[in-house]
Number of protein chains: 2
Amino acid sequence: MGPVSADSDKAAKKTDKRPTATGRRAAVTIYDVARHAGVSPSTVSRALGKPGRMSARMERRIQDAAAELGYRVNPMARALPTGRTHTLGLIVTDFTNPVYFDLVRGAERAAGVAGCTMVLAESQESGEAESNAVERVRPLVDGLVLAAPRLDDEALTAIAQDTSLVLINRVVPDIASVVVDVRDGLTAALDHLRAHGHGSIGYLSGPARSWINARRWEVLLEEAPRRGMHVVEIQTSEPTLAGGRDALRRVRAAGVSALVAYNDLIAIGLLREAQATGLNVPGDLSIVGFDDIFGAELTTPGLSTIRVPLGALGEAAIHVLIGRVNPEEHEPAKTEFVRRQSTGPAAAR
Amino acid sequence: MGPVSADSDKAAKKTDKRPTATGRRAAVTIYDVARHAGVSPSTVSRALGKPGRMSARMERRIQDAAAELGYRVNPMARALPTGRTHTLGLIVTDFTNPVYFDLVRGAERAAGVAGCTMVLAESQESGEAESNAVERVRPLVDGLVLAAPRLDDEALTAIAQDTSLVLINRVVPDIASVVVDVRDGLTAALDHLRAHGHGSIGYLSGPARSWINARRWEVLLEEAPRRGMHVVEIQTSEPTLAGGRDALRRVRAAGVSALVAYNDLIAIGLLREAQATGLNVPGDLSIVGFDDIFGAELTTPGLSTIRVPLGALGEAAIHVLIGRVNPEEHEPAKTEFVRRQSTGPAAAR
DNA sequence: GACCGGATGGCAACCGGTTGACATCAACAC
DNA sequence: GTGTTGATGTCAACCGGTTGCCATCCGGTC
């Protein structure tokens, strides 16, 4: 399994000709393979990259030589003339947000299957940081996935000009994107709440720049009145546990009996703050989260939530990016209401 | 997504851009900058990379030209002659394990500060997948961080031969590593349990190949007897919620009154399974987790656990890797016992 | 005025692949 | 025998930077 030929000490001086910055040994190149197989480097390149261009015997011989020497192509060197790096970038807003766990995994798996490696960056919920992250990875990658970007349409369009781009949970004209259809899950949640006597619900909103936040609110605005329910938007300071906690005052002031939150973090934050102040969930207040992150089922009561297939979303984004799936053909993933114990009958008033 | 740029003949523009293989515009090169500034490409390279080698006036002029054209160095092209890619790799065992999210963030931040980008891969708790992941990213990176690797010492040593390597929570002779000192947190947890009358505790162990699992167990073996406490190892099938749930039978059979788990996932799994079968935590069973992941404080009762400074660990690994910190000088991060509600007085027997 | 040495910028050879164009050669038809 | 053709392998020119070495120019000194 050793990638280094046994006589390397004999040729130590020669191998040492190009020590890398870290003082490691230089890798085997196609020139080494070519010499070993008695052909020219270009022939090696073709034997390895363009099957069928030459006689099967020659091809075989070269492949054997390559295997014997433990040759591995140098992605950098390959990228230079071809312009293709076989690397894909994924930029998320916040690494520590559990929402992204599955998304990152889905993307990484799909990339791996396609023979690509992933570079990852974080935009920290800020447009500027996001822009920097994009600029940093851009020259390195064949394509880029932005999850719930905070940049405006114009900036995204400019990026798409120079780089293939796929957005997750964001729609911008002429840019490919994969989105999840929130209607199914949301209507199921509304039906569930109405069946339990909730006539007036609050929406704990997410970041103002978030397209998916606007989308979720929009669907609620359509669907709640259709069911004879009132719905109000309640601002949160940030899409985190703290943001949920801070919203309790406004929730109580709003006088709603049930809430749908922009995400599970907000929902959990609110849940715990409500309990801390002596409220009973779901007795006094029903709470529905969004995403079904790790942790949503750990709370007591378990958080009812609208599950988003995050892994599938990440995977789909990569498939669209590498052209395996036509963006128009890509069917939005479905959401699903997961009933746990944080929702129940509305308190008699 | 048309692959052809429409205006390729508008080369008279300020930034003349040629179409590339992917149909995107080619980036500005040092040749463009050189022409624009009226100097040779090598001079541009030096002006941008080796300050002080030339007159300040010339340097300024070239920098201005570069800025005006929006020049950005091509990392691939730079990597070829120098052998330095300014990219670092991080390989974790499982993306969806919340343990890693702070670690990834810490690493990514440290890398960003050092002007490096991160590539990320997952080894799925298997030595073979880990090996593949290493092979894939290796030619791409200047250095590699392996978090809790499952490969054996020999394989790791072989990797370190060709690539700078830093391990997290694993010690192998002659390979740099950053580890966390579990003794502080563990002894605090033991003291806490003993003070509550627990004389016999169980250790819910982690993966057999995990160095840090062995380490945690070893410290328990040393410290528990020293306090007059008995301690037994209780196997788990996997370091996940399911692994914790499955262990309940063995826990009951062992007749211990308190448990320390290899990680929080196992602890939470056990906690919930115990509750599901009617046990009271901490009334019948005290449980201590490990790591303090997101979610540990969400359970009811909140999980007492031994906090590991994950973010600092990831950051430290990168600092060691890029040589900012001498591995010998690096002081192990401290762990800390976080008392919540899953631990309490031992039941009278 | 001739000489000298440091500062400055350019030439050209890489790094490790890819690829269009071409040389070579055997087989085959005429 | 010659001409044609297709299959096969090589040559050499890139891709976009970096860097050792050399040419030039400048001011200053004897």
Side-chain angles (χ1 to χ4, degrees), chain A residues 15-21 24-62 65-66 69-86 139-140 142, chain B residues 16-22 24-63 65-66 69-86 138-140 142:
Chain A
T15 332
D16 217 14
K17 68 185 174 179
R18 193 190 68 81
T20 61
R24 313 282 155 192
R25 299 175 230 250
V28 179
T29 73
I30 54 167
Y31 295 88
D32 301 325
V33 176
R35 208 175 321 119
H36 195 256
V39 296
S40 92
S42 50
T43 306
V44 174
S45 174
R46 287 201 171 89
L48 268 31
K50 299 253 157 65
R53 173 69 168 67
M54 62 188 57
S55 68
R57 224 181 75 254
M58 175 99 284
E59 217 169 285
R60 178 103 220 113
R61 194 169 99 208
I62 292 173
L69 263 45
Y71 168 77
R72 300 191 59 95
V73 336
N74 177 331
M76 306 285 172
R78 197 217 284 274
L80 209 37
T82 61
R84 310 211 47 232
T85 64
H86 297 271
L140 210 56
D142 285 341
Chain B
D16 93 304
K17 292 170 171 171
R18 290 139 300 178
T20 67
T22 55
R24 310 284 154 194
R25 297 169 219 267
V28 179
T29 73
I30 54 168
Y31 295 87
D32 301 325
V33 176
R35 208 175 320 119
H36 192 84
V39 296
S40 92
S42 51
T43 306
V44 173
S45 174
R46 283 201 258 266
L48 268 31
K50 300 253 157 67
R53 173 69 168 67
M54 64 188 56
S55 66
R57 225 181 70 254
M58 174 99 286
E59 215 170 285
R60 180 102 222 118
R61 192 169 102 209
I62 293 174
Q63 283 164 356
L69 264 43
Y71 169 77
R72 297 190 62 94
V73 341
N74 177 330
M76 306 285 172
R78 198 220 282 275
L80 210 37
T82 61
R84 311 213 47 232
T85 65
H86 296 273
R138 189 139 61 136
L140 210 57
D142 285 341

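These numbers come from a predicted model, not from an experiment. Chain A is the first sequence line, chain B the second, and so forth, proteins listed ahead of strands; every chain is numbered from 1.
With B/T85 contributing its side chain and B/L140 its backbone, the two residues share a donor-acceptor pair below 3.5 Å. Judged by distance alone, the side chain of B/T43 and the main-chain N or O of B/V39 form no donor-acceptor pair under 3.5 Å.
In this structure, B/K50 does not reach the D/dT18 phosphate: none of its side-chain N or O atoms is under 4.0 Å from OP1 or OP2. Under 4.0 angstrom from either OP1 or OP2 of C/dG10 there lies at least one side-chain N or O belonging to B/S40. Between B/Y31 and D/dT18, a side-chain N or O to OP1/OP2 separation shorter than 4.0 Å is absent.
Among the atoms of the strands shown, only primed sugar atoms or phosphate atoms (P, OP1, OP2) are found under 4.0 Å from some heavy atom of B/V39. Residue contacts for B/S55: at a heavy-atom cut-off of 4.0 Å it reaches the sugar-phosphate backbone alone, with no base atom in range. Using a 4.0 Å heavy-atom distance criterion, B/M76 is classed as making no nucleic acid contact.
Distance CG (B/L80) to P (D/dC15): 14 Å, rounded to an integer number of Å. Separating the CG atom of B/L48 from the P atom of D/dG17 is a distance of 10 Å, rounded to the nearest angstrom. Remark: P of D/dT19 and CD1 of B/I30 are 11 Å apart, rounded to the nearest angstrom. In this structure, the CD atom of A/E59 is 13 Å from the C1' atom of D/dG9, given to the nearest Å. Summarising the geometry, the separation between CG on B/L69 and P on D/dG17 is reported as 12 Å, rounded to the nearest angstrom.
To the nearest 0.5 Å, atom OG1 of residue B/T29 and atom CZ of residue B/R35 are 7.0 Å apart. From A/I30, atom CD1 reaches atom CZ of A/R78 across 10.5 Å, with rounding to the nearest 0.5 Å. Here A/R53 contributes atom CZ and A/R46 contributes atom CZ; the two are 4.5 Å apart, rounded to the nearest 0.5 Å. Here B/M54 contributes atom CE and B/I62 contributes atom CD1; the two are 5.0 Å apart, rounded to the nearest 0.5 Å.
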Exercise. How would nucleotides 20-28 of chain D be written as a contact map, 5' to 3', with B for base contact, S for sugar-phosphate-only contact and - for no contact, using protein heavy atoms under 4.0 Å?
Worked result: BB-------
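Side-chain contact check for B/S42 and B/S45: no donor-acceptor pair (N or O, by modelled atom type) lies under 3.5 Å.
Residue whose closest nucleotide on DNA chain D sits further toward the 5' end, between B/R72 and A/M54: A/M54.
Distances were taken from every side-chain heavy atom of A/P81 (C-beta onward) to each of D/dT18, C/dG10, C/dG16; the shortest belongs to C/dG16.
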